[in-house]
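Heads up: the structure comes next, in C-alpha cells.
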2 protein chains.
Amino acid sequence: MPARKQYTPVTAAIDVEAAFQLLEGRWKLLILFHLFGGQVRRFSDLQRLIPGITQKMLTQQLRRLEADGIVKRTDHHEVPPRVDYRLTDWGQALCPALDAILEWAERRDELGSAKPAHRARSGGNGRETS
Amino acid sequence: MPARKQYTPVTAAIDVEAAFQLLEGRWKLLILFHLFGGQVRRFSDLQRLIPGITQKMLTQQLRRLEADGIVKRTDHHEVPPRVDYRLTDWGQALCPALDAILEWAERRDELGSAKPAHRARSGGNGRETS
DNA sequence: CAGCATCCGAGAAGATACTG
DNA sequence: CAGTATCTTCTCGGATGCTG
C-alpha cells in the first residue's frame, strides 16, 4: 500500500478512534446511506427508509451527525413542521471511504478466510410488521 | 473497476452494517493498528501498546477478530505461555480502507466544517490516574 | 410533522481475583 | 505469560407518552 502517511502507532490510533467515533452506533451509516448522492430527505422520509429505527434514535443520531458537521439540517419553520437533512460537502466525501470498507468486506471469501460467523447483532430483535 | 457497484440503498446499507460490525467497539481498531504491516505481537505486547485496555477486553476482542478471520492467533504451547497474533491476509487488506477513513477525517477542516465538538467518549467516568 | 421526556432492558466495558 | 470467571457499571437502543 502506498501509504501517504506512516502509521505512527498510538498517534494514528487516536485519530482512527476519533474518526470511527463519528460513525459509530447502529444507525449512523444507514442514515448516511440514504443521504448519499446529495439527496435531501425529510425526517419522515428517513423514518420510512430505515425500517426499525425509532424517532428517538433517528433524532439523536441526526443531531450528532449535525454536530459533527457531517449532516446539514434545515428547518423551514412552516406550520406543519418541515425539516430536511442533507450531507455537507465533507459528509459527501465519506462515500469513497465507506466504499473501501465495503470492498474489503467483500474480499473475505476471495482471500480464503471463508468464515460465516454471522452472529446477529442483538440475538433476536425480530420485531416488525405487526 | 471503478465504482463496481451501485449504492443500492438498503442492500448496501446492510453490507456496510455487517462490515462495520466487524470493526465496532472501542478497542478493535486500536488492536488492528498495532498489527498492521504484518507485525507479530504477543498478548503482553498489545497490552503494553494499548494503555487502558484490560486483559478481558484484549482477549475478548482478539477472539472476535480471530473468529471473524481478521486476526490469526498462534499458540506456541510453551511453558511460560507464548501466544502471538498477526493479521490474516484479509486483515492486512483492511489497511487502505482505514486509511481512507482517516483521510476523510482529516479533510474536515479543508472542507470548511470546522467543528471542534470533541466530546469525550466517556461522559463522566473519568476514573483514572489515582 | 418533528420532535422531546421518561423509563427500561441488554450488551459493552471495567475492576478484581484466580489459574495452568 | 496468557488467560478465565465473576461482579459491577455504563451506555446504547427500544418503548411509550406528550407537545408546538
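Proteins get letters first, then strands, A, B, ... in listed order; numbering begins at 1 in each. FYI, side chains are in, hydrogens and waters are out, and symmetry mates aren't considered; it's all heavy atoms of this structure.
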Could you tell me how far apart [X] ([atom1]) and [N] ([atom2]) are, to the nearest whole angstrom?
X	N	atom1	atom2	answer
A:H76	C:dA2	NE2	P	10 Å
A:Q60	C:dA2	CD	P	18 Å
B:L62	D:dC1	CG	P	16 Å
A:L30	D:dG13	CG	P	11 Å
B:I53	C:dA12	CD1	P	15 Å
A:L58	D:dA15	CG	C1'	16 Å
B:Q61	D:dG3	CD	C1'	15 Å
A:I50	C:dA2	CD1	P	14 Å

Contact nearer the 5' end of DNA chain C, comparing A:R73 with B:T54: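 Nearest-nucleotide comparison on DNA chain C picks A:R73.
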A:D84 or A:K56, whichever maps to the more 5' nucleotide of DNA chain C: A:D84
Nucleotide of C:dG3, C:dA13, C:dA12 approaching A:R63 most closely (side-chain heavy atoms):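 The closest nucleotide is C:dG3.
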Closest nucleotide among C:dA2, D:dG13, D:dA2 to the B:R82 side chain: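 The listed nucleotide nearest to B:R82's side chain is D:dA2.
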Does a nitrogen or oxygen in the side chain of [X] sit under 4.0 Å from OP1 or OP2 of [N]?
X	N	answer
A:S44	C:dA2	yes
B:R26	D:dC10	no
B:R42	D:dG3	no
B:Q47	D:dG3	no
A:Q55	C:dC1	no

Spacing of A:W90 atom CH2 and B:R108 atom CZ [to the nearest 0.5 Å]: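 The CH2 atom of A:W90 sits 4.0 Å away from the CZ atom of B:R108.
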Gap separating the CZ atom of A:R41 from the OH atom of A:Y85, nearest 0.5 angstrom: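 With rounding to 0.5 Å, CZ (A:R41) is 14.5 Å from OH (A:Y85).
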Residue whose closest nucleotide on DNA chain D lies nearer the 5' end, A:P81 versus A:M57: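 Upstream on the strand: A:M57.
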5'-most by nearest nucleotide on DNA chain D - B:T59 or B:R48: B:R48
Any A:L29 side-chain heavy atom under 4.5 Å of B:E17 side chain: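 In short, these two side chains do not touch, never coming nearer than 4.5 Å.
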Close side-chain approach of A:L32 to A:V71, heavy-atom, < 4.5 Å: yes
Inter-axis angle, terminal five-pair segments of the helix from C:dC1-D:dG20 to C:dG20-D:dC1 [nearest 10°]: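 Between the axes fitted at each end of the helix from C:dC1-D:dG20 to C:dG20-D:dC1 lies an angle of 50°.
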Heavy-atom donor-acceptor pair, [X] side chain to [Y] backbone, under 3.5 Å:
X	Y	result
A:T88	A:K72	no
A:W104	B:A19	no
A:D68	A:I70	no

For residues 47-60 of chain B, which side-chain N or O atoms pair as donor and acceptor with protein atoms under 3.5 Å away, sequence neighbours left out?
residue, atom, partner, partner atom, Å
B:R48, NH1, B:D45, OD1, 3.4
B:T54, OG1, B:M57, N, 3.3
B:T59, OG1, B:Q55, O, 2.8

